Amino acid sequence: MVCTSINDQICHGIPSEDDVLKEGDIVNVDVSTIYNGYYSDASRMFKIGEVSEEADRLVRVTKECMEMAIANVKPWIPMGIIGATIQEHAHKNGYTVVRDFGGHGIGVDFHEDPFVFHYGNENDGVLMVPGMTFTIEPMINEGGYELYIDQDNEWTSYTDDGKLSAQWENMILVTEDGCEILTY
């Protein structure tokens, strides 16, 4: 499955021949696969041609949020460190973190427990333990974190204020001494 979310689409954009990308657009491509009964999930941001300084910065900071959160994945600490790290870096840069969606456990089902918050207190949440596999996929907005779901397809989400949104996603395995990124 592939979702393509353009500019103010937060996530779950449905690819269409009617959507023609143009210079200055930013687009998230979110790909999910199933191999031998196991799911995978990852997304990347792409900048179409020359983008505005604001769009470029949003894409960069969102990737930094994901990378900083991954750097804090270690066994035997609460998952809240992931959300606290993302929220702190996003807010420090003047952005908001989408609250209606987050990361998720992944394996034999696409969305498994635990839900991975991308905001909150570092001491909240379940302990990360070796063998856990989940996604970290911050959705960072230029404006407010509020969103709405497209009423026609009941799937695609948009920023409520029409401002840009960016998302990066990797699938993570907690190891005995840290973590491994499973999607590149």
Side-chain angles (χ1 to χ4, degrees), residues 1-15 21 24-33 39-49 51-74 79-106 110-111 114-120 122 125 128 132-145 147 155-159 163-174 178-184:
M1 179 173 82
V2 174
C3 290
T4 54
S5 303
I6 305 165
N7 295 328
D8 66 335
Q9 293 177 340
I10 296 171
C11 61
H12 304 149
I14 299 172
L21 297 174
D25 284 341
I26 60 172
V27 60
N28 178 268
V29 179
D30 191 345
V31 178
S32 303
T33 60
Y39 287 80
S40 68
D41 196 10
S43 77
R44 302 291 181 265
M45 289 298 300
F46 296 92
K47 299 178 282 188
I48 309 305
V51 300
S52 69
E53 191 174 307
E54 294 82 11
D56 186 62
R57 184 171 176 272
L58 175 65
V59 170
R60 179 180 48 80
V61 169
T62 303
K63 185 176 185 187
E64 291 169 358
C65 286
M66 179 192 66
E67 292 170 340
M68 293 169 74
I70 291 170
N72 282 313
V73 173
K74 295 173 183 58
M79 280 193 123
I81 190 70
I82 294 168
T85 300
I86 291 168
Q87 181 176 3
E88 179 181 343
H89 192 61
H91 287 185
K92 180 177 79 175
N93 283 278
Y95 300 126
T96 61
V97 180
V98 172
R99 294 173 174 244
D100 293 72
F101 299 107
H104 52 86
I106 187 166
F110 184 57
H111 287 116
F115 183 84
V116 181
F117 288 90
H118 293 137
Y119 65 94
E122 68 181 44
M128 293 182 276
M132 286 178 79
T133 304
F134 52 84
T135 65
I136 296 177
E137 50 183 297
M139 291 156 254
I140 307 299
N141 291 352
E142 235 183 356
Y145 64 81
L147 61 85
W155 184 245
T156 305
S157 66
Y158 292 83
T159 60
K163 294 191 176 183
L164 295 176
S165 184
Q167 176 189 15
W168 287 84
E169 176 183 20
N170 270 321
M171 199 167 87
I172 309 302
L173 168 67
V174 180
C179 70
E180 181 179 344
I181 300 171
L182 301 177
T183 49
Y184 277 97

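Counting begins at 1 with the first residue of the sequence. Everything numeric here is computed off the predicted structure, so don't read it as measured data.
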Inset, instruction - To the nearest 0.5 angstrom, please state how far the CZ atom of R57 sits from the OG atom of S52. - result: 11.5 Å
Inset, instruction - Please report the closest heavy-atom contact between P15 and C3, naming both atoms and the distance. - result: CD-CA, 4.4 Å
Inset, instruction - State, with a plain yes or no, whether a side-chain heavy atom of I172 is found less than 4.5 Å away from one of T133. - result: no
Legend entry - Side chain proximity check, N28 to W168, heavy atoms < 4.5 angstrom: no
Inset, instruction - Report the distance from atom CE of M66 to atom OG1 of T85, rounding to the nearest 0.5 Å. - result: 13.5 Å
Inset, instruction - Kindly give the heavy-atom pair with the smallest separation between S32 and D41, and that separation in Å. - result: OG-OD1, 3.0 Å
Legend entry - Residue list, side-chain hydrogen bond (donor to acceptor under 3.5 Å, both in side chains) with T4, at least two apart or on another chain: none
Inset, instruction - For H12, check side-chain hydrogen bond (donor to acceptor under 3.5 Å, both in side chains) against everything at least two apart and list the hits. - result: none
Inset, instruction - For residues M128 and I81, determine if any side-chain heavy atom of one lies less than 4.5 Å from a side-chain heavy atom of the other. - result: yes
Inset, instruction - Could you tell me which non-hydrogen atom of M132 sits nearest to which non-hydrogen atom of P114, and how far apart they are? - result: CE-CG, 3.7 Å
Inset, instruction - For residues P138 and I86, report the shortest heavy-atom separation together with the two atoms involved. - result: CB-CG2, 3.8 Å
Inset, instruction - Only counting residues at least two apart or in another chain, list the ones meeting salt bridge (charged side-chain N to carboxylate O under 4.0 Å, His left out) with D100. - result: none
Legend entry - Flag, side chain of D8 to backbone of K163, donor-acceptor distance under 3.5 Å: no
Inset, instruction - Please round to the nearest 0.5 Å and tell me the distance separating atom CE of M45 and atom CD1 of I140. - result: 11.5 Å
Inset, instruction - Enter the distance from T62:OG1 to E142:CD here, rounded to the nearest 0.5 Å. - result: 10.0 Å
Legend entry - Pair T159-N141, side-chain donor/acceptor within less than 3.5 Å: no
Legend entry - Non-hydrogen side-chain atoms of L21 and F46 separated by less than 4.5 Å: no
Inset, instruction - Would you check if the side chain of T96 reaches a backbone N or O of Y145 as a donor-acceptor pair within less than 3.5 Å? - result: yes
Legend entry - Atom CD of E67: over 12 foreign heavy atoms under 6.0 Å: yes
Inset, instruction - Look only at the side chain of R44 and the backbone of V27, and say whether a donor-acceptor pair between them is shorter than 3.5 Å. - result: no
Legend entry - Over all atoms of both residues, closest heavy-atom pair of I136 and A69: CG2-CB, 4.0 Å
Legend entry - Candidate list L173, N170, I82, test side-chain contact (heavy atoms from CB on, under 4.5 Å), partner F134, passing option: I82
Legend entry - Donor-acceptor pair, side chain of S165 and main chain of Q9, under 3.5 angstrom: no
Inset, instruction - With rounding to the nearest 0.5 Å, note down the distance linking CE in M171 to CD in E137. - result: 11.5 Å
Legend entry - Check: L164 and E54 side chains under 4.5 Å, non-hydrogen atoms: no
Inset, instruction - May I ask you to say whether R60 pairs ionically with E64, meaning some side-chain N is under 4.0 Å from a carboxylate O? - result: yes
Inset, instruction - With the side chain counted from C-beta on, respond yes when T135 and V116 share a heavy-atom pair under 4.5 Å apart, and no when they do not. - result: no
Inset, instruction - Report yes if some heavy atom in the side chain of S5 is under 4.5 Å from a heavy atom in the side chain of Q167; otherwise report no. - result: no
Legend entry - Check: H111 ring centre within less than 6.0 Å of Y39 ring centre: no
Inset, instruction - For residues Y119 and V98, report the shortest heavy-atom separation together with the two atoms involved. - result: CD2-O, 4.4 Å
Legend entry - Pairwise distance OH(Y158) to CD1(I10) - rounded to 0.5 angstrom: 10.5 Å
